Amino acid sequence: MSAFLANITVAVHIFALLFIGFGGFLAWRWPKVIFVHVFFAAWGVLVNVFPWPCPLTALENMFRHQQGLGDLPGGFNAYYLYDTIFPRSSLPLVIVIAMATVIVSYVGTIQRWRHRHDDADAPAHRVSMG
């Protein structure tokens, strides 16, 4: 059961990372998502910049310990992403692309929010058929 739960935790962790990267685009359709995304994005920055443990990594490590395994060597990102998904040497470029993606999603969210309010303030246009 611990192996199954560890695998579920890995999947949730991957979805959390995808949400951190691309969740701002969800706010284009569902504006209130931006508040959840800001929290996730801030948390992602904090656990990568400061020595704060990620709760998902800690949870996976707990399930690994129950299987008699040690902690993830180097943490989640080092174990699953670096040199697997992208080379460790390209990490600075990946960081810039990730930050740019989040910024673009936020700019788009702001633009859509402004237009939504502009559309709500505009008078209704009536079409007459005769």
Side-chain angles (χ1 to χ4, degrees):
M1 185 63 154
S2 295
F4 173 74
L5 293 174
N7 289 335
I8 294 296
T9 305
V10 170
V12 169
H13 211 151
I14 290 169
F15 281 116
L17 289 174
L18 289 171
F19 183 69
I20 289 170
F22 301 105
F25 292 108
L26 293 175
W28 291 17
R29 174 69 175 97
W30 300 288
K32 292 181 182 177
V33 169
I34 200 70
F35 300 109
V36 176
H37 186 264
V38 167
F39 171 78
F40 269 79
W43 185 263
V45 169
L46 290 174
V47 299
N48 283 291
V49 172
F50 299 102
W52 291 3
C54 174
L56 291 171
T57 301
L59 186 62
E60 184 180 353
N61 283 335
M62 181 188 78
F63 293 133
R64 289 175 58 86
H65 289 191
Q66 291 175 356
Q67 299 173 70
L69 303 170
D71 288 348
L72 286 171
F76 183 88
N77 292 346
Y79 189 75
Y80 290 108
L81 302 180
Y82 306 157
D83 296 326
T84 302
I85 304 297
F86 58 87
R88 188 181 301 265
S89 61
S90 68
L91 185 58
L93 176 62
V94 169
I95 290 170
V96 168
I97 291 170
M99 289 173 37
T101 301
V102 171
I103 290 168
V104 166
S105 73
Y106 283 9
V107 168
T109 298
I110 291 166
Q111 289 300 319
R112 291 182 63 86
W113 182 79
R114 284 183 179 165
H115 288 292
R116 189 173 286 191
H117 286 289
D118 291 345
D119 292 343
D121 293 339
H125 296 278
R126 296 186 185 239
V127 176
S128 64
M129 299 297 267

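The figures here come from the full heavy-atom set of this structure, side chains too, leaving out hydrogens, waters and symmetry mates. The model shown is predicted, which means the values in this text are computed figures rather than measured ones.
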- Task: For residues Leu56 and Ala16, report the shortest heavy-atom separation together with the two atoms involved.
- Result: CD1-CB, 4.1 Å

- Atom pair CG (Leu17) and CZ (Phe22), whose distance is rounded to the nearest 0.5 Å: 11.0 Å

- Message: Strictly distance-based, threshold 3.5 Å: is any side-chain N or O of His37 a donor or acceptor partner for the main-chain N or O of Ala27?
- Response: no

- Message: Quick check against the 3.5 Å criterion: does Thr109 have a side-chain atom that pairs as donor or acceptor with the backbone of Gly24?
- Response: yes

- Report whether Phe76 and Leu91 are members of the same hydrophobic cluster (ILVMFWY, side-chain heavy atoms less than 4.5 Å apart, transitive linking). yes

- Query: Mind checking whether Val10 and Leu59 sit in one hydrophobic cluster, side chains of I, L, V, M, F, W, Y counted as touching below 4.5 Å?
  - Reply: no

- Task: Evaluate the ring-ring contact (aromatic ring centres under 6.0 Å, His included) criterion for residues Tyr82 and Phe86: first the C-alpha distance (whole Å), next the side-chain angles of each, then the deciding distance (0.1 Å), finally the verdict.
- Result: CA-CA 6 Å; Tyr82 306 157; Phe86 58 87; 5.7 Å; yes

- Query: Do Phe19 and Val47 belong together in a cluster built from hydrophobic side chains that touch within less than 4.5 Å?
  - Reply: no

- So, does Arg112 use its side chain to make a donor-acceptor pair with the main chain of Trp28 at under 3.5 Å? yes

- Task: Before giving the answer on side-chain hydrogen bond (donor to acceptor under 3.5 Å, both in side chains), spell out for His13 and Tyr80 the whole-Å C-alpha distance, their side-chain angles and the decisive distance to 0.1 Å.
- Result: CA-CA 10 Å; His13 211 151; Tyr80 290 108; over 6 Å; no

- Item | Flag, side chain of Thr9 to backbone of Leu5, donor-acceptor distance under 3.5 Å | yes

- All heavy atoms of Arg64 vs all of Gly70, minimum pair found to be NE-O, 2.7 Å

- Once you round to the nearest 0.5 Å, how far does CZ of Phe25 lie from CH2 of Trp30? 14.0 Å

- Asp83 side chain to Arg88 main-chain N or O, any donor-acceptor pair under 3.5 Å? yes

- Task: State, yes or no, whether a side-chain contact exists between Phe63 and Leu69 at a heavy-atom distance under 4.5 Å.
- Result: no

- Please check if any side-chain donor atom of Tyr79 sits under 3.5 Å from a side-chain acceptor atom of Glu60, or the reverse. no

- Closest contact, heavy atoms only, Val102 versus Ile20: CG2-O, 3.5 Å

- Joint hydrophobic cluster, Phe35 plus Phe40, side-chain heavy atoms closer than 4.5 Å: no

- Message: Taking the side chain as everything from C-beta on, heavy atoms only, tell me whether Asn48 gets closer than 4.5 Å to Ile95.
- Response: no

- Message: Is the shortest side-chain heavy-atom distance between Phe50 and Val45 below 4.5 Å?
- Response: no

- Task: State yes or no: do Val94 and Ile85 share one hydrophobic cluster built from I, L, V, M, F, W and Y residues joined by side-chain heavy-atom distances below 4.5 Å, directly or via other members?
- Result: yes

- Reported CG-to-CZ distance for the pair Asn7 and Phe4, which is rounded to 0.5 angstrom: 8.0 Å

- Can you tell me if CE on Met99 sees more than 12 non-hydrogen neighbours from other groups inside 6.0 Å? no

- Measure the shortest side-chain to side-chain distance between Ile34 and Trp113 over non-hydrogen atoms and say whether it is less than 4.5 angstrom. no

- Message: Measuring from atom CE of Met62 to atom OG of Ser2, what distance do you get when rounded to the nearest 0.5 angstrom?
- Response: 7.5 Å

